[in-house]
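Written below as structure tokens is the structure these notes are about.
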Amino acid sequence: MQQDYNPAEIELEVQKLWKDSTVFRAVEDPSKEKYYCLAMFPYPSGQLHMGHVRNYTIGDVIARFQRMQGKNVLQPMGWDAFGLPAENAAIKNKVPPAAWTYDNIDYMRDQLQRLGFGYDWDRELATCTPEYYRWEQWLFTRLFKKGLVYKKTAAVNWCPVDNTVLANEQVIDGCCWRCDAVVEKREIPQWFMKITEYAPDLLKDLDQLEGWPEQVRTMQENWIGRSEGLDIQFDIVASDESIGIYTTRPDTLMGVSYLAVAAEHPLALAAAENNPTLMDFIAECKQMETSEEALETAEKKGVDTGLTAIHPVTGDVVPVWAANFVLMNYGTGAVMSVPAHDQRDYEFAKAYGLPIKQVIEPAGSEECDLGKAAFTEKGKLLNSGEFDGLTSADAFGAIADFVEKNNKGQRQVNYRLRDWGVSRQRYWGTPIPIINCEKCGSVAVPEADLPVRLPENVIVDGSGSPIKSMPEFYKVACPTCGGAAERETDTFDTFFESSWYYARFTCADNNEAMLDERADHWLPVDQYIGGIEHAVLHLLYARFFHKLMRDEGLVSGDEPIKNLLTQGMVLKEGTKMSKSKGNTVDPKGLIDQYGADTARLFIMFAAPPEQSLEWSDKAVEGASRFLKRLWKAVYEHVEAGEVIALDKSALSDEQQDMRSKTQQTLQKMGDDIGRRHTFNTAIAAVMELMNSLAKFEDDSPQGKAVRQEALEIAVLTLSPITPHICHVLWQALGHNEVLVSVSWPDVDESALVQDNIELMVQVNGKLRSKIKVAVDADKASIEALACADEAAQKFMEGKTIRKVIVVPGRLVNIVVG
RNA sequence: GCCGGGAUGGCGGAACUGGUAGACGCGCUGGAUUCAAAAUCCAGUUUCUUCGGAAGUGUCGGUUCGAUUCCGACUCUCGGUACCA
């Protein structure tokens with residue numbers, strides 16, 4: 001064994017051994033319990049960042065730990081390779097997105113290998129290859145025929161100067177990020193997936209996801225947003241038209257003082273023809289951003305359309321306003337407004353002098369002052385004619401019955417979730433496999449013609465997608481009538497690719513089918529690890545895709561992911577590491593200087609996985625120092641010569657204590673890594689063990705045997721985290737087999753039993769003393785011992801004992817007064 | 001705005017089920033070693049203190065024998081908000 005720890009040398013050697021022996025190749029084996037461990041695949045942006053290092057280290061630790069538990073582990077890796085940054089890089093560097101992406105993948109693959117992650121590289125995939133995306137094109141055409149996809153117009157951000165569609169991210173304060181022109185909303189035809197049809201399923205099956213963090217399930221539940229309410233029709237005065245609205249508060253129906261419609265609502269557009277003020281307002285609304293955040297935080301504005309509507313119950317006439325806070329794409333594009341009982345309506349009514357009519361009064365002692373704010377609680381009805389006196393709950397039914405009987409509306413379950421718009425007007429994505437024919441309409445590309453390949457040798461200059469000006473791409477014959485037709489030139493949202501890659505990893509080499517029987521062997525994913533930022537969108541789309549694939553007979557099972565771990569961000573100086581802030585730390589420098597094991601150890605030690613992690617150069621040195629100490633401890637032990645077998649019956653008290661510490665550590669490591677995923681406390685436990693061992697200066701034959709055991713446990717339990725150094729140390733400790741094939745050791749329970757334990761003694765809840773008692777002492781004797789304790793008695797002088805609380809194994813609290 | 005998190009020494013964090021607040025690491029202080037330094041090793045390290053103790057987990061209030069942990073109100077901060085991934 002070498003005297004000094006030389007990470008660069010041993011890590012490359014051990015990595016070569018793993019590669020040559022193909023230990024991480026996953027082969028289906030029905031005789032072993034399977035374990036599918038998946039970390040969210042990266043976007044190949046150029047180089048790994050610390051967030052990746054953290055994500056993939058967590059995954060690798062769990063995978064290696066499960067392997068030691070005897071599981072047949074699948075841990076794959078691939079590339080989420082389509083996306084916007086490739087186009088931006090293409091414009092900047094004049095390199096085609098494909099070339100840029102493949103170069104990045106090559107570089108980043110090397111980085112991952114240098115970190116020693118145990119991936120099955122045979123299953124590697126990149127979503128930008130036709131071998132991958134052809135299958136989502138294929139699935140899309142099946143869903144098209146099933147009626148689960150459809151086309152409708154929807155708004156996009158349009159930069160009138162660059163003549164291009166902008167992502168929300170590229171709109172800064174309502175202006176284009178590159179040319180600063182004011183961005184407009186533009187309505188264009190786009191493809192949608194009917195995710196709302198699966199909303200009840202997506203909601204219900206959240207109950208199955210016991211291995212998911214509660215917060216993620218709650219966020220998804222709120223995002224889906226099931227509500228029960230009433231669809232109601234308001235007829236327009238002097239017209240055949242009517243406005244449909246949806247409300248979850250029918251009890252407030254008598255308090256409606258106006259209706260609000262979206263600026264792009266057909267009735268508003270028609271009314272604007274001879275109303276210049278309304279026309280100006282509609283034009284102004286065109287310059288709003290499309291994001292919900294911008295919409296909700298913008299000042300609420302509106303204009304009277306001049307139209308009026310008839311209240312379906314009272315027959316009263318109410319005005320119709322056009323308002324900037326009503327979304328045309330959401331629901332019916334119209335809402336009823338009850339200023340007395342909705343805060344947003346209240347503020348709008350105050351600003352525009354609209355009436356505020358109270359129809360609900362508090363049923364209890366809640367505060368209600370309509371001079372200050374709306375009363376939004378439920379209560380009792382008033383000013384509501386025949387419904388007066390009903391509770392909000394009873395009024396819901398009564399008013400629903402009334403409206404239904406009079407054919408003015410019906411009960412309705414609604415979801416906040418909207419259908420998924422999958423069209424993108426970008427180049428670097430999966431071509432949507434549809435052909436538009438003047439005669440036949442939208443026609444799916446026949447299966448035999450798939451994949452629709454994306455031309456890769458192109459120039460991207462920021463003036464829109466190059467395939468939109470490539471006749472050789474879009475000019476085709478209609479598959480149905482054979483006439484001249486045009487291919488769809490939009491591409492899929494990149495969430496499309498990431499929604500099913502977890503399944504494709506199980507059979508990435510199948511060129512005949514999207515998935516095969518191996519999908520059912522490996523799925524569901526036993527552990528998925530990724531950033532909390534994906535809590536709703538990516539994870540909801542993946543769940544949706546799984547149900548789509550299930551209903552196509554491609555997978556069985558309702559849910560794709562059994563256990564989810566959401567990791568926090570990596571920060572420096574309290575903020576997210578980013579290029580623009582110039583506070584990034586390149587993993588390359590870290591590995592070159594300290595090695596992969598130190599990088600892995602630091603990042604797992606600095607914080608528990610769910611929390612954000614503060615970067616610290618000094619703490620990295622600390623991690624490196626610990627590994628040097630570990631190396632030295634093994635070196636000195638090995639140099640001290642032969643070790644005899646441990647004889648448990650012949651140990652001194654100190655030797656027993658050391659053994660006890662070793663076994664406690666083993667137990668804690670298994671629990672911390674396997675169940676709690678608190679790798680930071682696991683590492684702290686090994687550090688404690690090593691600190692104890694440093695103080696254990698017993699060179700007798702049995703002392704050396706005890707030390708041998710402690711070092712073996714330290715090396716084995718640390719090996720999922722720092723696998724390279726542990727591999728070498730394990731062999732130095734006299735073992736011939738390779739560490740990756742060694743099982744997790746069993747705890748020797750007999751070493752954990754204690755005769756005496758220490759109890760805290762409190763007086764009135766404050767710690768005053770400690771007593772030693774037998775582990776099986778009864779309550780009465782513990783009470784007596786505590787009350788007789790000298791230090792405790794000082795605080796009891798002149799007072800009477802009111803109560804004594806004994807918490808077994810923990811403390812005694814004497815309450816005096 | 002809305003939905004979901006977070007806040008504990010000088011710093012990262014620990015305290016798992018309401019029961020010893022500050023494990024482990026970093027930093028700092030003192031010592032050993034060294035011609036000297038680096039590295040390494042040992043000891044100490046929440047604050048205040050009349051050395052008896054007292055205070056202390058973002059703020060204010062509550063429940064309890066006992067609250068970092070449970071409840072209510074708030075402040076700041078982070079993630080998401082449907083075209084960043």
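So that the names make sense, note that chain A is the first sequence line, chain B the second, and so on, each numbered from 1. Below, all heavy atoms of this structure are taken into account, side chains as well, without hydrogens, waters or symmetry copies.
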- Query: Which value, in whole Å, describes the distance between the C1' atoms of nucleotides B/A7 and B/G13?
  - Reply: 13 Å
- Query: How far, in whole Å, is B/G56 from B/C2 if one measures between their P atoms?
  - Reply: 34 Å
- Message: Looking only at the side chain of A/Tyr43 (C-beta and beyond, no hydrogens), which of the listed nucleotides B/C24, B/A85, B/C16 gets closest?
- Response: B/A85
- Message: Any salt bridge linking A/Asp490 with A/Lys468? Criterion: basic side-chain nitrogen under 4.0 Å from a carboxylate oxygen.
- Response: yes
- Provide the distance between the two C1' atoms, one in B/U17 and one in B/C24, to the nearest whole Å. 23 Å
- Message: So does A/Gly568 get a backbone contact from the side chain of A/Ser612, meaning a donor-acceptor N/O pair under 3.5 Å?
- Response: no
- Taking syn as any angle within 90 degrees of 0 and anti as the rest, which one fits B/G30? anti
- Query: Which part of the nucleic acid, if any, lies within contact of A/Asp672, taking any heavy atom under 4.0 Å across all strands shown: a base, the sugar-phosphate backbone alone, or nothing?
  - Reply: nothing
- Would you call the rings of A/Phe545 and A/Trp420 parallel, tilted or perpendicular, where under 30° means parallel and over 60° means perpendicular? perpendicular
- So A/Tyr541 and A/Phe495, would you call those rings parallel, tilted or perpendicular, with 30° and 60° as cut-offs? tilted
- Contact check, side chains of A/Thr722 and A/Phe626, non-hydrogen atoms, under 4.5 Å: no
Distances for protein N/O vs nucleotides 79-81 of chain B N/O pairs under 3.5 angstrom?
from  : atom 1 : to       : atom 2 : distance (Å)
B/U81 : O2'    : A/Glu292 : OE1    : 2.4
B/U81 : O4     : A/Glu293 : OE1    : 3.1
B/U81 : O4     : A/Glu293 : OE2    : 3.3

- Nearest-Å distance once atom P is located in both B/U77 and B/G22: 31 Å
- Message: With rounding to the closest Å, how many angstrom separate the C1' atoms on B/A54 and B/A38?
- Response: 44 Å
- Sugar-phosphate, base or nothing in reach of A/Met760, heavy atoms under 4.0 Å: base
- Message: Please determine whether a side-chain nitrogen or oxygen atom of A/Arg625 lies at a distance below 4.0 Å from atom OP1 or OP2 of B/C26.
- Response: yes
- Query: Any salt bridge between A/Arg416 and A/Glu292, counting N to O under 4.0 Å?
  - Reply: yes
- Message: What's A/Arg810 touching, base or sugar-phosphate or nothing? Going by heavy atoms closer than 4.0 Å.
- Response: sugar-phosphate
- Could you work out the separation of B/A43 and B/A23 based on their P atoms and round it to a whole Å? 15 Å
- Task: Ignoring the backbone of A/Lys695, work out which of B/C84, B/A43, B/A85 is nearest its side chain.
- Result: B/A43
- Task: Report the nucleotide, chosen from B/U20, B/A85, B/G19, that has the shortest atom-to-atom distance to any side-chain atom of A/Val807.
- Result: B/G19
- Restricting to pairs with a member in residues 669-695 of chain A, which pass salt bridge (charged side-chain N to carboxylate O under 4.0 Å, His left out), not counting sequence neighbours? A/Lys661-A/Glu688, A/Lys668-A/Asp672, A/Asp671-A/Arg675, A/Asp672-A/Arg676
- Geometric class of the A/Tyr150/A/Phe192 ring pair [parallel <30°, tilted 30-60°, perpendicular >60°]: parallel
Distances for protein N or O near nucleotides 60-66 of chain B N or O, under 3.5 Å:
from  : atom 1 : to       : atom 2 : distance (Å)
B/C65 : O2     : A/Asn813 : ND2    : 2.4

- Message: What's A/Glu214 touching, base or sugar-phosphate or nothing? Going by heavy atoms closer than 4.0 Å.
- Response: nothing
- Message: Protein within reach of the bases, or only the backbone? For nucleotides 10-15 of chain B, mark each nucleotide 5' to 3' as B, S or -, using heavy atoms under 4.0 Å.
- Response: --BSSS
- Query: Considering only the C1' atoms, how many Å lie between B/G58 and B/U69, rounded to the nearest integer?
  - Reply: 16 Å
- Out of B/G1, B/A55, B/G19, which has the shortest distance to the side chain of A/Glu296? B/G1
- Using the P atom as the reference point in each nucleotide, state the distance between B/G5 and B/C71 in Å, no decimals. 12 Å
- Query: When we call it a touch if two heavy atoms are under 4.0 Å apart, what does A/Ile683 touch: a base, just sugar-phosphate, or nothing?
  - Reply: nothing
Quick one: which protein N/O atoms are closer than 3.5 Å to N/O atoms of nucleotides 45-53 of chain B? Pair and distance per line, please.
none

- Tell me, which stems hold RNA chain B, with a stem being 3 or more Watson-Crick or G-U pairs in a row and both distances under 3.5 Å? B:1-7 with B:75-81, B:10-12 with B:24-26, B:27-32 with B:40-45, B:46-48 with B:53-55, B:58-62 with B:70-74
